[in-house]
Amino acid sequence: MTVPSGRRERKKAATRQKIADAALRLFLERGYDAVGIRDVAAEADVAVTTLFSHFAAKEALVFERDADFEQRLAQAVSGLAPHEPLVPALRREIHALVRHCTADDAAPVWRLIDETPALREYEESMRLRHAEALAVAIAAGPGRSRTATECRAVARFAIDACSLAREAADPQAAVDEVFRMIEAAWEVTGSPGPGD
């Protein structure tokens, strides 16, 4: 998570984290559908309006690092120099995200998501949004002359690698397997830019 710099930003980040922690604790104890927004606000000792100033929807409480992940993905490719290859940088970031999503303490959260239709739907829309943001970042990279379709396809495959890896017996090997396909596709499509 990005570290806020000022006192006010740190306080807002702490409140946001307190709300997310309280929500997750309640969801895991009682089940997602059995917990209301007012329950979460009371557990976090904040007003409902404060909760909604940090989270737009109940589902967002489970995915509190959503914006951070999207930003990290875009930065992984947008910060590359023209000579740096895209696919290895993207693979490193996906590996880091998969490590986070497959850590031992993440298992109960993923069970909750898998068992809750609203959370599965939210996660799917979140992945599509991440893929679109990543595609824009890939297309904007220096020295890349790829079509929008090529950028979107690579971004979708990279984002889907996280889901596939999470379900695999060896998550890191699954990421590498998907990225071998991504790399092969990236090399044969379009006119490669410098370093790609």
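On a predicted model such as this, the values are computed, not experimentally measured, just so you know.
Other residues, nucleotides and ligands contribute over 12 non-hydrogen atoms within 6.0 Å of the CZ atom of Arg166. In the displayed structure, Arg127 atom CZ is contacted under 6.0 Å by more than 12 heavy atoms of other residues, nucleotides or ligands. Within 6.0 Å of CD in Glu177 there are 12 or fewer heavy atoms belonging to other residues, nucleotides or ligands. Within a 6.0 Å radius of CD in Glu167, other residues, nucleotides and ligands contribute more than 12 heavy atoms.
Closest approach of Arg16 and His54 over heavy atoms only: NH1-O, 2.5 Å. Considering all non-hydrogen atoms of both residues, Phe55 and Ile19 come closest at CE1-CG2, 3.7 Å. Residue Phe179 comes nearest to Ala161 through the heavy atom pair CE1-CB, 4.3 Å, listed as atom of the first residue, atom of the second, then distance. When all heavy atoms of Ala155 and Ala135 are compared, the pair lying nearest together is CB-N, 3.6 Å. When all heavy atoms are compared, the tightest approach of Leu28 to Pro108 is CD2-O, 3.6 Å. Considering all non-hydrogen atoms of both residues, Glu9 and Gly6 come closest at OE1-CA, 3.0 Å.
The pair Glu115-Arg120 fails the salt-bridge criterion, with no side-chain N (NZ, NE, NH1 or NH2) lying under 4.0 Å from an Asp/Glu carboxylate O. Salt-bridge annotation for Asp21 and Lys18: absent, with no side-chain N of the basic residue lying under 4.0 Å from a carboxylate O of the acidic one.
Note that OG of Ser163 and CD of Glu123 are 5.0 Å apart. Values are rounded to the nearest 0.5 Å. We find the CD-CG distance between Glu124 and Leu119 to be 13.5 Å, quoted to the nearest 0.5 Å. Remark: Arg72 CZ to Ile94 CD1 distance equals 9.5 Å, nearest 0.5 Å. In this structure, OH on Tyr32 lies 10.5 Å from CD1 on Ile113, to the nearest 0.5 angstrom. Taken to the nearest 0.5 Å, the CG atom of Leu61 stands 9.5 Å off from the CG atom of Leu24. Here the CZ-CD distance, from Arg129 to Glu70, works out to 5.0 Å after rounding to the nearest 0.5 Å.
Linking ILVMFWY residues whenever their side-chain heavy atoms come closer than 4.5 Å, directly or via other members, places Leu112 and Met126 in the same cluster. Under the 4.5 Å side-chain heavy-atom criterion for grouping Ile, Leu, Val, Met, Phe, Trp and Tyr, Leu97 is not connected to Val109 through any hydrophobic cluster. Each of Ile159 and Val62 belongs to its own hydrophobic cluster when Ile, Leu, Val, Met, Phe, Trp and Tyr are linked at side-chain heavy-atom distances under 4.5 angstrom. No continuous path of hydrophobic side-chain contacts links Val136 to Leu80 [ILVMFWY only; heavy atoms under 4.5 Å].
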Please test Arg99 against Gln172 for side-chain contact (heavy atoms from CB on, under 4.5 Å), starting from the C-alpha separation and ending with a verdict.
CA-CA 8 Å; Arg99 278 191 298 276; Gln172 298 300 324; 3.2 Å; yes

Decide side-chain contact (heavy atoms from CB on, under 4.5 Å) for Trp110 and Thr102; before the verdict, give the C-alpha distance in whole Å, the side-chain angles of both, and the deciding distance to 0.1 Å.
CA-CA 9 Å; Trp110 284 108; Thr102 58; over 6 Å; no

Apply salt bridge (Lys or Arg N to Asp or Glu O under 4.0 Å) to the pair Arg65 and Asp68, showing each step before the final yes or no.
CA-CA 5 Å; Arg65 295 200 54 200; Asp68 187 45; 2.9 Å; yes

Quick one, Leu128 with Arg156, criterion side-chain contact (heavy atoms from CB on, under 4.5 Å). Give me CA distance, side-chain angles, the key distance, then yes/no.
CA-CA 7 Å; Leu128 292 172; Arg156 291 286 286 280; 3.3 Å; yes

Could you give me the CA-CA distance, side-chain angles and deciding distance for Val175 and Leu164, then say whether side-chain contact (heavy atoms from CB on, under 4.5 Å) is met?
CA-CA 8 Å; Val175 170; Leu164 294 168; over 6 Å; no

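Note: His100 and Phe69 meet the aromatic proximity criterion, with ring centroids under 6.0 Å apart.
A donor-acceptor pair is defined here as one N or O able to donate and one able to accept, closer than 3.5 Å; no such pair exists between the side chain of Trp186 and the backbone of Val87. Remark: the backbone N or O of Val46 is not paired with any side-chain donor or acceptor of Thr50 at under 3.5 angstrom. Under a 3.5 Å cut-off, the side chain of Glu84 and the backbone N or O of Ala81 do form a donor-acceptor pair. Under a 3.5 Å cut-off, the side chain of Glu150 and the backbone N or O of Thr147 do form a donor-acceptor pair.
Within the structure, every pair that satisfies the salt bridge (Lys or Arg N to Asp or Glu O under 4.0 Å) test and touches residues 37-56, not counting sequence neighbours, is listed here: Arg25-Glu43.
Counting only heavy atoms from C-beta outward, the side chains of Asp176 and Arg91 approach each other to under 4.5 Å. Within the 4.5 Å cutoff, side-chain heavy atoms of Val40 are placed close to those of Leu51.
A cation-pi geometry, defined here as NZ or CZ lying under 6.0 Å from the six-membered ring centre and within 45° of its normal, does not hold between Lys58 and Tyr122.
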